[in-house]
Amino acid sequence: MGKRVLVERRSTDRIAPPLGMYSHAARVSPVGAVLHIAGQVGNAPDGTIAPDAYGQTVQALRNIAAVIEDAGGTPAEGLASLFTMVTSREALPDVRRGIGEVFAEWFPEGDHPANSLCVVAGLAREDLLVEIASVAVVPG
(Lines give C-alpha, C1' and ligand atoms only; values in the text may rest on other atoms or scores of the structure.)
Protein backbone atom coordinates (compact mmCIF):
# COMPACT_ATOMS: atom_id res chain seq x y z
CA MET A 1 0.00 0.00 0.00
CA GLY A 2 1.32 3.44 -0.93
CA LYS A 3 2.01 6.38 1.30
CA ARG A 4 -1.13 8.11 2.56
CA VAL A 5 -1.42 11.65 1.20
CA LEU A 6 -3.53 13.97 3.33
CA VAL A 7 -2.19 17.24 1.91
CA GLU A 8 -0.84 17.85 -1.56
CA ARG A 9 1.36 20.94 -1.44
CA ARG A 10 1.52 22.72 -4.77
CA SER A 11 3.29 25.59 -6.49
CA THR A 12 2.71 26.70 -10.05
CA ASP A 13 5.15 28.06 -12.58
CA ARG A 14 2.39 30.40 -13.84
CA ILE A 15 3.29 32.90 -11.10
CA ALA A 16 6.56 33.94 -9.47
CA PRO A 17 8.19 31.26 -7.31
CA PRO A 18 7.65 31.44 -3.54
CA LEU A 19 9.81 34.03 -1.77
CA GLY A 20 10.69 31.59 1.01
CA MET A 21 10.00 28.17 2.45
CA TYR A 22 6.38 27.69 1.44
CA SER A 23 4.15 26.37 -1.32
CA HIS A 24 1.59 28.48 -3.17
CA ALA A 25 -1.27 26.20 -2.12
CA ALA A 26 -2.25 23.07 -0.26
CA ARG A 27 -4.92 20.69 -1.50
CA VAL A 28 -6.63 18.77 1.30
CA SER A 29 -7.56 15.12 0.83
CA PRO A 30 -11.22 14.20 1.39
CA VAL A 31 -10.17 11.27 3.60
CA GLY A 32 -8.84 13.49 6.36
CA ALA A 33 -10.34 15.74 8.99
CA VAL A 34 -9.41 19.42 8.84
CA LEU A 35 -7.89 20.72 12.07
CA HIS A 36 -7.87 24.51 12.55
CA ILE A 37 -5.19 25.31 15.13
CA ALA A 38 -5.36 28.50 17.18
CA GLY A 39 -2.39 30.82 17.02
CA GLN A 40 0.52 29.32 18.92
CA VAL A 41 3.18 31.40 20.62
CA GLY A 42 6.59 30.67 22.09
CA ASN A 43 5.42 29.39 25.45
CA ALA A 44 6.82 26.07 26.65
CA PRO A 45 4.62 23.53 28.44
CA ASP A 46 5.78 24.98 31.78
CA GLY A 47 4.54 28.43 30.71
CA THR A 48 7.93 30.05 30.17
CA ILE A 49 8.33 32.27 27.11
CA ALA A 50 11.44 32.10 24.98
CA PRO A 51 13.27 35.48 25.16
CA ASP A 52 13.80 35.98 21.42
CA ALA A 53 12.03 35.59 18.08
CA TYR A 54 14.07 32.51 17.11
CA GLY A 55 13.17 30.63 20.31
CA GLN A 56 9.54 31.71 20.15
CA THR A 57 9.26 30.57 16.52
CA VAL A 58 10.72 27.14 17.26
CA GLN A 59 8.49 26.72 20.33
CA ALA A 60 5.37 27.88 18.48
CA LEU A 61 6.04 25.27 15.78
CA ARG A 62 6.66 22.60 18.43
CA ASN A 63 3.31 23.56 20.00
CA ILE A 64 1.62 23.19 16.60
CA ALA A 65 3.20 19.75 16.24
CA ALA A 66 1.91 18.74 19.68
CA VAL A 67 -1.66 19.73 18.74
CA ILE A 68 -1.47 17.84 15.43
CA GLU A 69 0.04 14.76 17.09
CA ASP A 70 -2.59 14.85 19.84
CA ALA A 71 -5.22 14.68 17.07
CA GLY A 72 -3.52 11.62 15.52
CA GLY A 73 -1.46 13.19 12.75
CA THR A 74 2.02 14.51 12.04
CA PRO A 75 3.16 17.90 10.73
CA ALA A 76 5.00 16.27 7.83
CA GLU A 77 1.91 14.43 6.70
CA GLY A 78 -0.81 16.95 7.40
CA LEU A 79 0.32 20.56 7.91
CA ALA A 80 -1.46 22.46 5.14
CA SER A 81 -0.91 26.12 5.96
CA LEU A 82 0.51 28.62 8.41
CA PHE A 83 -0.26 32.25 9.15
CA THR A 84 2.78 33.76 10.85
CA MET A 85 2.62 37.08 12.68
CA VAL A 86 5.81 38.84 13.78
CA THR A 87 6.04 42.06 15.78
CA SER A 88 9.03 43.58 13.93
CA ARG A 89 10.88 43.38 10.63
CA GLU A 90 14.13 43.11 12.59
CA ALA A 91 12.94 39.73 13.91
CA LEU A 92 12.41 38.26 10.43
CA PRO A 93 15.89 36.68 10.05
CA ASP A 94 15.46 34.86 13.39
CA VAL A 95 11.94 33.77 12.48
CA ARG A 96 13.10 32.47 9.11
CA ARG A 97 15.99 30.63 10.77
CA GLY A 98 13.62 28.97 13.25
CA ILE A 99 11.18 27.98 10.53
CA GLY A 100 14.06 26.69 8.40
CA GLU A 101 15.45 24.48 11.16
CA VAL A 102 12.09 22.97 12.08
CA PHE A 103 11.03 22.56 8.44
CA ALA A 104 14.32 20.74 7.71
CA GLU A 105 13.16 18.11 10.24
CA TRP A 106 9.53 17.97 9.12
CA PHE A 107 9.95 18.42 5.36
CA PRO A 108 13.44 17.18 4.41
CA GLU A 109 12.49 17.06 0.73
CA GLY A 110 11.38 20.70 0.68
CA ASP A 111 7.64 20.06 0.34
CA HIS A 112 6.61 23.02 2.53
CA PRO A 113 3.09 24.08 3.57
CA ALA A 114 1.52 27.31 2.40
CA ASN A 115 2.52 30.23 4.64
CA SER A 116 1.50 33.86 4.93
CA LEU A 117 3.70 36.12 7.03
CA CYS A 118 2.94 39.62 8.22
CA VAL A 119 4.45 42.17 10.54
CA VAL A 120 1.93 43.28 13.16
CA ALA A 121 1.84 46.11 15.72
CA GLY A 122 1.62 43.70 18.63
CA LEU A 123 0.27 40.44 19.99
CA ALA A 124 -1.79 39.56 23.08
CA ARG A 125 1.13 40.17 25.45
CA GLU A 126 4.06 42.54 25.18
CA ASP A 127 6.65 39.74 25.55
CA LEU A 128 5.23 37.80 22.60
CA LEU A 129 7.15 38.39 19.37
CA VAL A 130 5.74 35.62 17.15
CA GLU A 131 2.38 33.90 16.77
CA ILE A 132 1.62 31.17 14.23
CA ALA A 133 -1.89 29.99 13.39
CA SER A 134 -2.25 26.92 11.20
CA VAL A 135 -4.47 24.42 9.44
CA ALA A 136 -3.65 20.72 9.32
CA VAL A 137 -5.27 17.54 8.12
CA VAL A 138 -5.35 14.48 10.35
CA PRO A 139 -6.63 10.98 9.58
CA GLY A 140 -10.40 11.17 9.44
Side-chain angles (χ1 to χ4, degrees):
M1 189 165 171
K3 179 182 172 186
R4 170 177 60 185
V5 177
L6 295 175
V7 176
E8 177 189 358
R9 298 174 189 98
R10 306 170 56 108
S11 289
T12 177
D13 59 4
R14 296 181 63 202
I15 62 176
L19 297 174
M21 292 174 291
Y22 63 90
S23 296
H24 290 133
R27 182 178 179 183
V28 175
S29 166
V31 300
V34 177
L35 186 66
H36 294 267
I37 302 168
Q40 297 298 306
V41 296
N43 60 327
D46 67 1
T48 59
I49 303 286
D52 58 14
Y54 166 79
Q56 288 189 25
T57 300
V58 170
Q59 186 61 55
L61 291 169
R62 297 281 180 235
N63 293 345
I64 289 168
V67 172
I68 294 170
E69 290 162 0
D70 189 63
T74 68
E77 185 176 66
L79 189 57
S81 66
L82 302 169
F83 179 67
T84 304
M85 295 161 277
V86 183
T87 60
S88 75
R89 289 191 190 286
E90 293 75 29
L92 291 176
D94 287 336
V95 170
R96 289 186 176 117
R97 181 169 60 101
I99 290 171
E101 288 178 12
V102 174
F103 277 16
E105 295 172 26
W106 293 352
F107 311 107
E109 299 190 20
D111 185 27
H112 303 117
N115 187 10
S116 294
L117 184 146
C118 66
V119 177
V120 298
L123 297 169
R125 288 184 11 193
E126 205 171 291
D127 57 345
L128 297 175
L129 306 173
V130 178
E131 182 172 336
I132 305 173
S134 56
V135 176
V137 180
V138 295

Report task. Test Phe107 against Met21 for side-chain contact (heavy atoms from CB on, under 4.5 Å), laying out the working first. Result -> CA-CA 10 Å; Phe107 311 107; Met21 292 174 291; over 6 Å; no
Query raised in the report: So do Gln59 and Pro45 actually touch side chain to side chain, heavy atoms under 4.5 Å?
Result: yes
Report summary line: Tightest non-hydrogen contact, residues Asn63 and Asn43, listed as ND2-O, 3.1 Å
Requested in this report: Evaluate the criterion side-chain contact (heavy atoms from CB on, under 4.5 Å) for residue pair Leu92 and Leu117; output intermediate values, then yes/no.
Outcome: CA-CA 10 Å; Leu92 291 176; Leu117 184 146; 3.5 Å; yes
Query raised in the report: Is Glu105 paired with Arg62 through a side-chain N to carboxylate O contact shorter than 4.0 Å?
Result: yes
Report task. Indicate, with yes or no, if Val138 and Val7 share a hydrophobic cluster defined by side-chain heavy-atom contacts under 4.5 Å among Ile, Leu, Val, Met, Phe, Trp and Tyr. Result -> no
Query raised in the report: Do any pairs count as a side chain to side chain donor-acceptor pair (under 3.5 Å) and have a residue in residues 81-92, sequence neighbours left out, and if so which ones?
Result: Thr84-Asn115
Query - Same cluster (ILVMFWY, side-chain, under 4.5 Å), Val58 and Ile68 - result: yes
Report task. Taking Ser11 for its side chain and His24 for its backbone only, find out whether a donor-acceptor pair lies under 3.5 Å. Result -> yes
Report task. Carefully, step by step, assess Asp94 and Val130 under the rule side-chain contact (heavy atoms from CB on, under 4.5 Å). Result -> CA-CA 10 Å; Asp94 287 336; Val130 178; over 6 Å; no
Report task. Would you name the heavy atoms of Asp52 and Leu129 that are closest together and state the gap between them? Result -> C-CD1, 3.8 Å
Query - Backbone of Leu6 reached by a side-chain donor or acceptor of Glu8 within 3.5 Å - result: no
Report summary line: Heavy-atom nearest pair, Leu82 first then Ser134, reads CD2-CB, 3.6 Å
**Report entry** Candidate pair Phe83 and Cys118, rule side-chain contact (heavy atoms from CB on, under 4.5 Å), full reasoning
**Finding:** CA-CA 8 Å; Phe83 179 67; Cys118 66; 3.6 Å; yes
Query raised in the report: Considering residues, nucleotides and ligands other than Arg10, do more than 12 of their heavy atoms fall under 6.0 Å from its CZ?
Result: no
Query raised in the report: Are Leu123 and Ile132 linked, directly or through other ILVMFWY residues, by side chains that come within less than 4.5 angstrom of each other?
Result: no
Query raised in the report: Is there a side-chain contact between Leu61 and Trp106, using heavy atoms and a 4.5 Å cut-off?
Result: yes
**Report entry** Heavy-atom closest pair, residues Pro113 and Leu79
**Finding:** CB-O, 3.5 Å
Query raised in the report: In terms of hydrophobic clusters joined by side-chain contacts under 4.5 Å, are Val86 and Leu128 together?
Result: no
Query raised in the report: Looking only at heavy atoms, what is the nearest atom pair of Gly73 and Pro139, with distance?
Result: CA-CD, 4.0 Å
Query raised in the report: Counting only N and O atoms by type, is there a donor-acceptor contact under 3.5 Å from the side chain of Gln56 to the main-chain atoms of Asp127?
Result: yes
Query raised in the report: So, for Gln40 and Ile64, which heavy atoms are closest and what is the spacing to 0.1 Å?
Result: CG-CG1, 3.7 Å
**Report entry** Cluster check Ile49, Val120: I/L/V/M/F/W/Y, side chain < 4.5 angstrom
**Finding:** yes
Requested in this report: Give the ring-plane orientation class for Phe103 versus His112, where under 30° counts as parallel, over 60° as perpendicular and anything between as tilted.
Outcome: parallel
